[in-house]
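Here the structure comes first, spelled out in structure tokens, and everything after it is commentary.
Scope of the values below: all heavy atoms of this structure, side chains included, with no hydrogens, waters or symmetry mates.
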Amino acid sequence: MAATVESLVSYGTDSDSDNETKSNASPEKVDPDALAHLQPLTSGQTMSLALLNSAPEVAVKEAVETGVHLDPSLKEVTYNPTYETMFAPEFGPVNPYRSQQMAAPRNMLSGYAEPAHVNDFMFEQQRRTFSTFGYALDPSVDTTSQNSSNSYIGAVDEAEKKKGLTVFEVGPKKHDKRKKVQGGESDDIDNYLGPWAKYVDEKDGAKPSEEEQKELDEITAKRQKKGRNEEEAPAEEKTILHVKDAYDYQGRSYLHVPQDVGINLRTADIPDKCYLPKKQIHVWTGHTKGVSAIRLFPVSGHLLLSCSMDCKIKVRNCFSLVSLPLGHSKAVRDICFNNTGTQYMSAAYDRYLKLWDTETGQCISRFTNRKVPYCVKFNPDEDKQNLFVAGMSDKKIVQLHCVTFNVSNVRALMLVVNTDASSVMADLRTILDRTLTPSMHSMPAVTLSPNGKWLACQSMDNQILIFGAQNRFRLNKKKIFKGHMVAGYACQVDFSPDMSYVVSGDADGKLNIWDWKTTKLYHRIKAHDKVCISALWHPHETSKVITCGWDGLIKLWD
């Protein structure tokens, strides 16, 4: 047994040397009580279990506090406390540094506010009364039982003077409605007055005094002067020729159709096939403002006539300026050649229509009716070249903005661009009644096709509509060209000579080309920086298109 104890004591030493040292040393004495738990149990002995209470004794809360106390900061109690509980003093020491103001009961930083309900109308009534008159009812005083000076705050004297009336009670009284003289029954036509009856207290007015009459005369004179258009004197006409010799060695002027350009410009035959233009080959400059319209010389197309907002008209040949007619004091709106090209008309905002000689540049005659001419066209008959039609701004006469004639001259087809026109020519009344509908938009630009069968109209809903121009003036619903933006601009439309394409400018300065058969938008070219107002396909060139825009440029595309 002793050997066993020694082995247990030696167990766990740091090194073998220690074990050797201890084994050589004399054995130490061991306390028997320390090894009592290692001794085997003796038979015959019994052990008794003892109870051990490990929890300390703690005083119960009810034994310490004799009553139930409420937290003063509570705003809601979930049970019904007794009176003693509700008014029991607070536990704990009192803050000796707490002032009387801080010790007073309060529910906000500035003090204690009692909840109260005030009707919104009553509050607004007293607020407006105080803002207007300076007094209002005192909300802390019961005004139902007494009405004295103590019931008001603010301007008490004013309240007593007006007897405490509010702004809603002292408003102006409504006057009684004036009565009219009874005019009998509506069945009696002769004696029935209806709404035109006089008032009972109405008196017939006397003649105006001298001062009133003088004032009325001045007003009438101003109105008449304002409505009268001042007649302006026509500008002096002159033409500047930009060619060295007006005639060549054979005595021919620049109106003579050239024959050495590689193409027959005198023939009336149309090209067999036209092609799409792809690039710009020339630019005509000279106009300082936007170009309004361009026209090619009839049949040959070897001269180009243009008018602009800079009040100038220019005649050009292929690549140079020929003549510069001057005679309008305001912007020129439209130009037009006669059938032979020897004369042309110009319409300007100075209210004048002027007839010019193309060869000499001389102004032959001038016309005006004190209204602005918007467009002008010659009569297509060869024996009536002294007649022309102009669309004027005078609504009392005619409300036409674009005029054109068909080739067969069976009748003049004039398209009213404003669908609300109230007066039209008698021979067009039947056509217009059958064609115009409330859903139609304004169509300020109209072009006749080369074969004379179709009329292309530029509509303000960004579409080009095609109308039949022969037997029946009817809309061709299968020929509607879309894809461009022209709302607000009178962009001129044109056809290719072989009727394969339709060309038009738009508000973005682009040249748009559609296929006539499929109405598909084939090609789009950025032609001008501003609005491209007109596009013309040369009558003999298969792929040459001329455009003009509000940037003052005229361009040739091929």
How long is the span from the [atom1] atom in [X] to the [atom2] atom in [Y], to the nearest 0.5 Å?
X: Lys273; Y: Ser496; atom1: NZ; atom2: OG; result: 8.0 Å
X: Tyr247; Y: Glu359; atom1: OH; atom2: CD; result: 4.0 Å
X: Leu326; Y: Glu237; atom1: CG; atom2: CD; result: 10.0 Å
X: Lys377; Y: Met345; atom1: NZ; atom2: CE; result: 12.5 Å
X: Gln343; Y: Leu355; atom1: CD; atom2: CG; result: 4.5 Å
X: Gln280; Y: Leu556; atom1: CD; atom2: CG; result: 8.5 Å

Are [X] and [Y] close enough that some pair of their side-chain heavy atoms sits under 4.5 Å apart?
X: Pro444; Y: Tyr374; result: no
X: Leu465; Y: Ile480; result: yes
X: Asp558; Y: Pro277; result: no
X: Ser449; Y: Ile466; result: no
X: His328; Y: Ile313; result: yes
X: Asp498; Y: Pro271; result: no
X: Gln458; Y: His484; result: yes
X: Leu265; Y: Pro258; result: yes

Centroid-centroid under 6.0 Å between Trp454 and Phe495 rings: no

Would a distance-only check, ignoring hydrogens and angles, find a side-chain to backbone donor-acceptor pair under 3.5 Å from [X] to [Y]?
X: Tyr501; Y: Trp516; answer: no
X: Ser393; Y: Val372; answer: yes
X: Asp494; Y: Trp537; answer: yes
X: Ser500; Y: Cys274; answer: no
X: Asn462; Y: Lys482; answer: no
X: Ser308; Y: Lys289; answer: yes
X: Lys555; Y: Ala527; answer: yes
X: Asn369; Y: Lys371; answer: yes
X: Ser534; Y: Ile294; answer: no
X: Gln385; Y: Asn379; answer: yes

Of all heavy-atom pairs between [X] and [Y], which one has the smallest distance, and what is that distance?
X: Gly549; Y: His528; value: N-CE1, 3.6 Å
X: Leu296; Y: Gly301; value: CD2-O, 3.9 Å
X: Val376; Y: Phe388; value: CG2-CD1, 3.8 Å
X: Ser292; Y: Val332; value: OG-O, 3.0 Å
X: Leu353; Y: Pro373; value: CD2-CB, 3.7 Å
X: Val486; Y: Gly505; value: CG1-O, 3.6 Å

Are more than 12 heavy atoms, taken from residues, nucleotides or ligands other than [X], located less than 6.0 Å from that residue's [atom1] atom?
X: Lys453; atom1: NZ; answer: no
X: Lys526; atom1: NZ; answer: yes
X: Asp217; atom1: CG; answer: yes

Glu124 and Arg127 ion-paired at < 4.0 Å: yes

Lys/Arg N to Asp/Glu carboxylate O, Arg295 vs Asp334, below 4.0 Å: yes

Trp284/Ile546 under side chain to side chain contact (heavy atoms under 4.5 Å, CB included): CA gap, chis, key distance, verdict: CA-CA 10 Å; Trp284 288 286; Ile546 304 174; 4.1 Å; yes

CA sep, side-chain torsions, deciding dist, call: Phe337, Thr358, side chain to side chain contact (heavy atoms under 4.5 Å, CB included): CA-CA 9 Å; Phe337 276 113; Thr358 309; 3.9 Å; yes

Chi angles and distances behind the side chain to side chain contact (heavy atoms under 4.5 Å, CB included) call for Val200, Arg178: CA-CA 8 Å; Val200 175; Arg178 299 175 65 185; over 6 Å; no

Pair Thr447, Gln492: side-chain N/O donor-acceptor within cut-off below 3.5 Å: yes

Audit row: Val493, Val503, side chain to side chain contact (heavy atoms under 4.5 Å, CB included) steps and yes/no: CA-CA 6 Å; Val493 188; Val503 294; over 6 Å; no

